[in-house]
Protein chains: 2
Amino acid sequence: MTNVIDESGLLAISTRLQRLSDQLRKDGLKIYESYGIQFEPKWFPVIYTLHKKPILSVVEIANEIGYTHPSTISLLKELEKKNLIKSKKDKDDERKRLLYLTREGETLVEKMQPIWDVMVKALEQLTNTSNNLMKAIDEVEYQLKLQGFYQRAELIKENKSK
Amino acid sequence: MTNVIDESGLLAISTRLQRLSDQLRKDGLKIYESYGIQFEPKWFPVIYTLHKKPILSVVEIANEIGYTHPSTISLLKELEKKNLIKSKKDKDDERKRLLYLTREGETLVEKMQPIWDVMVKALEQLTNTSNNLMKAIDEVEYQLKLQGFYQRAELIKENKSK
DNA sequence: TGCAAATATGTAGCTAACTACGTAGTTTTG
DNA sequence: CAAAACTACGTAGTTAGCTACATATTTGCA
């Protein structure tokens, strides 16, 4: 806590969250590199999802990973270019494009499993402090689902004006 | 926890952090709007810093808010365009540009104080769960300072190979 | 059953941060 | 005291998400 911003606390929380996210992503990339694997952390959600649920449409993937479908499409394009995934038309619904891991994609997942183990261990070290970051995120997301930040602010504003 | 990604836990933590950050920023903007104030959450760090430390150079601001200087410069440009801040050359060091709040900027800060109070209260509601998010961030950043994510992964890797 | 509404995908362009690089002053040092 | 190294600032271009809009199927209901 050497600077004004950290002292301003909650008001800069969005900034702090983003900074932490960037830092972890950058090191994530370096870790893959150190294993000689060319894999970007942002691809993880798609690859992992298709590993767990082998055939999904674009929108299904988007929902699983919690991104919008345009963001998902751009990830899918990169992964198709890398030959890690492929797609085929859904015969029952001509609108849908069904995605699945290629043989190459499956092989890569197998190679990454031990790396993921290491990452999880390192992240456990980092986050298993007296306030667990992952649990805190879960809890805040749950609170947000109950009532959003904006709605809460509106209610507090109204109460004050009485 | 309805989808594959949330279940993958720590590996998608960077994604989760960013999403939460975006969500809070978007609602932040709406809250300012609901008070009829045209202020973007991303400007907060600069404005707040200049309010607390009235005259700072570009790089000093960047350090205070924890951004790179190019990012800071683009924020400064927006704020100068809004007439919330101004700059003058440092007479002792011709390289430096010293920034400060304009009268208009100071007035806006005064107007925003009650909004910030409301925001802090709403954020306290949201984050004061059994694992406090802000404290968790502090703790993880402290852990990262002791030893980064990459270094930790390297050590775990080496131990395994023995 | 045919048309309106909904759903699935795609494209274009925005945003808020970043890195890499260049230039101009300042400081240090041989 | 001049050259080298450093510091401050700025610009250009990248990235990883987003929203808004467009098009093509499919579904549902009057």
Side-chain angles (χ1 to χ4, degrees), chain A residues 5 12-30 39-47 55-81 85 87-99, chain B residues 5 12-30 39-47 55-81 85 87-99:
Chain A
I5 282 312
I13 196 170
S14 170
T15 292
R16 304 272 311 268
L17 287 168
Q18 193 173 335
R19 222 146 76 199
L20 193 49
S21 166
D22 282 358
Q23 230 176 318
L24 293 176
R25 197 196 320 259
K26 262 175 219 162
D27 269 23
L29 182 60
K30 279 173 66 183
F39 188 79
E40 296 187 27
K42 67 172 167 172
W43 294 337
F44 173 79
V46 171
I47 291 292
I55 298 186
L56 293 174
S57 72
V58 174
V59 170
E60 283 165 348
I61 294 173
N63 289 337
E64 286 285 340
I65 70 179
Y67 285 0
T68 60
H69 81 270
S71 309
T72 305
I73 287 171
S74 90
L75 289 175
L76 294 176
K77 270 185 190 161
E78 293 178 31
L79 290 168
E80 285 180 283
K81 193 174 276 178
I85 64 173
S87 73
K88 60 183 182 199
K89 272 252 162 292
D90 184 339
K91 277 158 200 159
D92 299 336
D93 186 339
E94 286 287 317
R95 294 170 305 177
K96 287 188 184 173
R97 197 155 70 88
L98 299 177
L99 285 297
Chain B
I5 283 313
I13 197 169
S14 170
T15 293
R16 304 273 310 268
L17 288 168
Q18 192 173 335
R19 225 145 75 199
L20 192 49
S21 167
D22 283 357
Q23 229 176 319
L24 293 175
R25 195 194 324 256
K26 262 174 217 161
D27 268 23
L29 183 61
K30 280 173 66 183
F39 188 79
E40 296 187 28
K42 68 172 165 170
W43 295 335
F44 172 78
V46 171
I47 291 291
I55 297 186
L56 292 175
S57 72
V58 174
V59 170
E60 282 166 348
I61 294 173
N63 290 337
E64 286 286 339
I65 70 180
Y67 285 0
T68 59
H69 81 271
S71 310
T72 305
I73 286 170
S74 90
L75 290 174
L76 294 176
K77 271 186 189 159
E78 293 177 32
L79 290 167
E80 285 180 286
K81 195 174 273 177
I85 64 173
S87 73
K88 61 183 179 198
K89 272 251 162 295
D90 184 338
K91 278 158 199 159
D92 299 334
D93 186 340
E94 287 285 318
R95 293 169 306 179
K96 286 189 184 170
R97 197 156 69 90
L98 299 178
L99 284 299

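The sequence lines fix the lettering, A, B, ..., with proteins before strands; numbering per chain opens at 1. Everything quoted here is computed from the prediction, not taken from an experiment.
Here CG of L79(B) is found 9.0 Å from CD of E40(B). Values are rounded to the nearest 0.5 Å. Between the OG atom in S21(A) and the CZ atom in R16(B) there is a gap of 12.0 Å [rounded to 0.5 Å]. Remark: K42(A) NZ to S74(A) OG distance equals 6.5 Å, nearest 0.5 Å.
Using a 4.0 Å cut-off on heavy atoms, the residues of residues 91-98 of chain A that approach DNA chain C are R95(A), K96(A), R97(A), listed by number. Of all the residues in residues 70-80 of chain A, P70(A), S71(A) reach under 4.0 Å from DNA chain D with at least one non-hydrogen atom.
Atom P of nucleotide dT9(C) and atom OH of Y67(A) are separated by 18 Å, given to the nearest angstrom. Going from atom CG of N63(A) over to atom P of dT9(C) covers 10 Å, rounded to whole Å. To the nearest angstrom, C1' of dC14(C) lies 13 Å from CG of D22(B). In this entry the distance linking CG of D90(A) with P of dT7(C) reads 17 Å, nearest Å.
For the pair Q23(B) (side chain) and L20(B) (backbone), a donor-acceptor distance under 3.5 Å is absent.
Comparing the end axes of the helix from dT1(C)-dA30(D) to dG30(C)-dC1(D), each fitted to five base pairs by superposing C1' atoms of four pairs onto the next four, gives an inter-axis angle of 10° (nearest 10 degrees).
Scanning for salt bridge (Lys or Arg N to Asp or Glu O under 4.0 Å) contacts around K96(B) gives an empty result, with sequence neighbours left out. With sequence neighbours excluded, the residues satisfying side chain to side chain donor-acceptor pair (under 3.5 Å) with Q18(B) are R25(A). Remark: E94(A) engages no residue in a salt bridge (Lys or Arg N to Asp or Glu O under 4.0 Å) (not counting sequence neighbours). With sequence neighbours excluded, no residue forms a salt bridge (Lys or Arg N to Asp or Glu O under 4.0 Å) with D90(B). Contacts of Y67(A) classified as ring-ring contact (aromatic ring centres under 6.0 Å, His included), with partners at least two apart in sequence or in another chain: none. With sequence neighbours excluded, no residue forms a side chain to side chain donor-acceptor pair (under 3.5 Å) with T72(A). Listed by chain and residue number, R97(B) satisfy the side chain to side chain donor-acceptor pair (under 3.5 Å) test with E80(B) (two or more places apart in sequence, or in another chain). Applying the salt bridge (Lys or Arg N to Asp or Glu O under 4.0 Å) test to D22(B) and every residue at least two apart in sequence or in another chain returns nothing.
The nucleotide range of DNA chain D contacted by chain B, defined by atoms under 4.0 angstrom from heavy atoms of the protein and reported 5' to 3', is dT7(D) to dT19(D).
Between I85(B) and I47(B), the closest side-chain pair of non-hydrogen atoms falls below 4.5 Å.
Residue order along DNA chain D, read from the 5' end via each residue's closest nucleotide, puts R25(A) first among H69(A) and R25(A).
Across all strands shown, K89(B) has no heavy atoms under 4.0 Å from either base or sugar-phosphate atoms.
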